[in-house]
Amino acid sequence: MKRIAFIVLYFFIMFSMAWAEDDPVTKLKNDTMLYFNPVKGTITDVQGNKVLISIGAKDKILPGMRLKVLREGAPFMHPVTKELLGKVESTIGKVEIKEVGTESSTGLMVEGEAKGNDKVRISETKIKILFCQDKNVDWYIADEYYRKLKSTGRIEMIDTALETGDVTKVLEEAKRLGAEVALMLSAKEADNGTLLRQQLFWVTDSSKFADAEAKINVAFAKELKFGEEFFTPRTGEAVLMYDLPFGARFVTTGDLDGDGKQEIILSTGKDTRVYIPAVDLQFLWEVKGSAADDHIWIDTIDLNKNGRDELIITSMQSSEVISYIYELSGSEFKKLWEGRYFLRRMGTSLLSQAYSNSDGFSGDVFAMVWNGEYKIGDKVKIPRGINIYDFAYIEDAGKENLIFAYDEKGFLNLYNEKGIRTWRSSSATGGFVTKFKKQAAAIYMEVGEWSVKDRLISRNREILVVQRVPFAEIAKGIGYKSSRIRNYWWNGFSMEESVLVDDIKGSLQDYALAGDKMIVLTSPLLGIKFGNILKGENPLGTVLFIYSIKGR
């Protein structure tokens, strides 16, 4: 094994060296850092708000750079020797470079007023940059770029959970978080790879000063992922862990009160409770269910576009499926809608499907729309036999509308836009937690089960999937000893796979994403905490883990 590991490491290093000279991410980083290159000069002429500066191309000056303008004041002396140590400098404005010559440059004052002999400078202090990537940017590429920028030591990175290509939203976030520069990454398909676009903005006046593109070859992107798989630890070390005193079955996140922060929503199967994470989970609100409730799904979505997420609950009640839509009003939830449908969020859409007593799911999947009220909309085009909880779309798959879906045996499948299966996983994912027996016409008839599949979460070009490891292969029915989150990656040509978070103890009940945080809900073997029995504590309960998946 050591020899194999050495060989893998050797080839990885050699491959990395081969890429070093043509690394597009490093080149983009180097070009970006030129705008913050420490430099100093003098203003030699002033005409209104236009100034001439004593530094130019030879000093690596670029159009778009912004330099502080400083003015000398009174001299200051050594308190004992009275030796002249220098003169007090005060910042009186900023100048943006517009035209660059070999020896000098011209610029416009964007703050303050300048005079001849004023100094200009970019100091060696760190630049505060908000780093924001659109959802269509491959996570591994963005993380590689993020780490290369941070490693320069010149940048104070400001992270955000925002994933968007909307310039207005990015600049609003940058101002809110006190950034000097907003960096926005987006991407689009290119021949045999991805065209990565970077836009840089000065936050104070929303002025764009740089717009660059880098061609990322598919092979280079795959190599980044290869490096992550072999050299990044993925075993389950959670950032936070909460030992819940009750048995929770489902988890999701959402901004229910419109304050811009994500709450954690937990379902016990009957009641739904809302928390914010802190040293301990802080309880906020609750939706009480009835004795007949048996929740099978929870979700959040702002379908009515009022800035607050609605809470979606689908429940099995006396052999009937009923879904509810709630919205927070003050400190209580108001029911807006109920109907005999399964409901599920898919991106910015809410999907619905009818229920069948005999088969569970019935008929086609439809979009639900808001038009002053909640209504069933258009039919969703998916392959025959795929139900509402079975599938996810692969984002940014070019012109194709690729669908990633479970089958009833727990295998994973990929379908093209014509509904033709083009790929199937080599093994199943280990079984599903929420299962029901189909109703038979006669007691003696065995007609099987129907199941509510685990969440498939789309993240850039990846789909996240739950895999459960049984306690014993020969007795799979007694429970699961551990779980993991796998990621399946569309590289533009085929599906690849790896492990995102490994060795999650117990049976994973449900999970959710909030920015670069993953919230995982697990239960112990057989749902019992045997250690609690010995301590005389409640043996029933679940554990909530929060993982950081930034850079994975």
Side-chain angles (χ1 to χ4, degrees), residues 128-135 139 142 146 156-179 182-184 203 238-242 244 248 250-267 271-287 298-313 325-334 336 345 347-348 350 455 457-460 464 510-521 543-552:
K128 293 182 179 180
I129 295 183
L130 177 85
F131 187 95
C132 184
Q133 66 194 68
D134 198 358
K135 291 181 179 180
W139 189 263
Y146 178 98
E156 180 183 334
M157 283 295 195
I158 298 177
D159 296 329
T160 175
L162 192 67
E163 289 185 310
T164 181
D166 187 324
V167 173
T168 301
K169 290 182 179 179
V170 172
L171 289 170
E172 286 176 355
E173 180 83 342
K175 289 177 182 177
R176 185 180 71 84
L177 296 175
L183 183 158
M184 190 174 80
V203 175
V239 176
L240 293 169
M241 184 189 81
Y242 302 101
L244 304 179
F250 299 100
V251 62
T252 190
T253 61
D255 182 8
L256 300 176
D257 57 359
D259 66 351
K261 299 177 182 178
Q262 296 283 302
E263 290 88 39
I264 294 176
I265 302 103
L266 293 168
S267 163
D271 304 325
T272 308
R273 300 167 184 172
V274 184
Y275 299 84
I276 54 172
V279 176
D280 292 314
L281 281 180
Q282 295 182 11
F283 175 79
L284 297 177
W285 314 288
E286 183 176 34
V287 178
I298 62 172
D299 248 326
T300 61
I301 187 172
D302 184 14
L303 195 65
N304 59 16
K305 305 299 181 186
N306 66 353
R308 289 174 289 137
D309 284 339
E310 296 103 291
L311 174 61
I312 314 298
I313 300 174
I325 300 178
Y326 293 92
E327 189 170 76
L328 188 67
S329 179
S331 60
E332 296 184 352
F333 283 93
K334 177 183 177 182
L336 304 182
R345 176 179 180 168
T348 58
L350 185 62
R455 288 184 200 269
I457 296 180
S458 181
R459 176 176 176 255
N460 300 322
L464 305 187
D510 198 8
Y511 72 113
L513 287 185
D516 59 0
K517 300 294 188 295
M518 177 181 287
I519 297 100
V520 176
L521 184 66
V543 180
L544 190 73
F545 295 100
I546 298 181
Y547 297 89
S548 173
I549 56 171
K550 188 172 184 63
R552 296 192 185 185

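In this text, all values refer to a predicted model and were calculated from it rather than measured experimentally. Only heavy atoms go into these numbers, but all of them, side chains included; no hydrogens, no water, no symmetry mates.
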For E172, what residues pass the salt bridge (charged side-chain N to carboxylate O under 4.0 Å, His left out) criterion, not counting sequence neighbours?
none

I need the L130 CG to K175 NZ distance, nearest 0.5 Å.
12.5 Å

Between D302 and G307 the two heavy atoms that sit nearest each other are OD2-N, 3.0 Å

Kindly indicate whether the side chain of T164, heavy atoms from C-beta on, has any atom under 4.5 Å from the side chain of E173.
no

Residues 251-261 vs side-chain hydrogen bond (donor to acceptor under 3.5 Å, both in side chains), sequence neighbours excluded, gives T253-Q262

Between L266 and I298, what is the shortest heavy-atom contact and its length?
C-CD1, 4.5 Å

Does K128 form a side chain to side chain contact (heavy atoms under 4.5 Å, CB included) with V203? I'd like the steps, not just the answer.
CA-CA 10 Å; K128 293 182 179 180; V203 175; over 6 Å; no

With F333 via ring pair (Phe, Tyr, Trp, His ring centres under 6.0 Å) - residues at least two apart
none

Test: E327 and K334 ion pair at under 4.0 Å:
no

If you compare all heavy atoms of A182 against all heavy atoms of L171, which two are closest, and at what distance to 0.1 Å?
CB-CD2, 4.0 Å

Once rounded to the nearest 0.5 Å, what's the spacing between atom CD1 of I546 and atom CG of L240?
5.0 Å

Test L521 against every option in I264, L244, V543 by the side chain to side chain contact (heavy atoms under 4.5 Å, CB included) rule and name the one that passes.
L244

Within the distance-only criterion (no hydrogens, no angle test), does the side chain of R345 pair as donor or acceptor with the backbone N or O of T300 below 3.5 angstrom?
yes

In chain order, what residues pass the side-chain hydrogen bond (donor to acceptor under 3.5 Å, both in side chains) check against D159, with sequence neighbours excluded?
Y146

At their closest point, which heavy atom of Q133 faces which heavy atom of A142, and how far apart are they?
OE1-CB, 3.2 Å

One pair to check against side chain to side chain contact (heavy atoms under 4.5 Å, CB included): L544 and Y275. What are the steps and the verdict?
CA-CA 12 Å; L544 190 73; Y275 299 84; over 6 Å; no

Carefully, step by step, assess L350 and I325 under the rule side chain to side chain contact (heavy atoms under 4.5 Å, CB included).
CA-CA 11 Å; L350 185 62; I325 300 178; 4.1 Å; yes

Atom pair CG/CG of L311 and L336 - distance to nearest 0.5 Å
10.0 Å

Work out which heavy atom in S331 is nearest to a heavy atom in W285; give both atom names and the distance.
O-CD1, 3.3 Å

The reported gap from CG in L513 to CD1 in I519 (rounded to nearest 0.5 angstrom) is 7.5 Å

Donor-acceptor contact below 3.5 Å, side chain E263 vs main chain L256:
yes

If the condition is salt bridge (charged side-chain N to carboxylate O under 4.0 Å, His left out), which residues does D299 pass it with, not counting sequence neighbours?
R455

Not counting sequence neighbours, which residues clear side-chain hydrogen bond (donor to acceptor under 3.5 Å, both in side chains) with E310? List them please.
Y374

From CA spacing to verdict: side chain to side chain contact (heavy atoms under 4.5 Å, CB included), T272, F250:
CA-CA 9 Å; T272 308; F250 299 100; over 6 Å; no

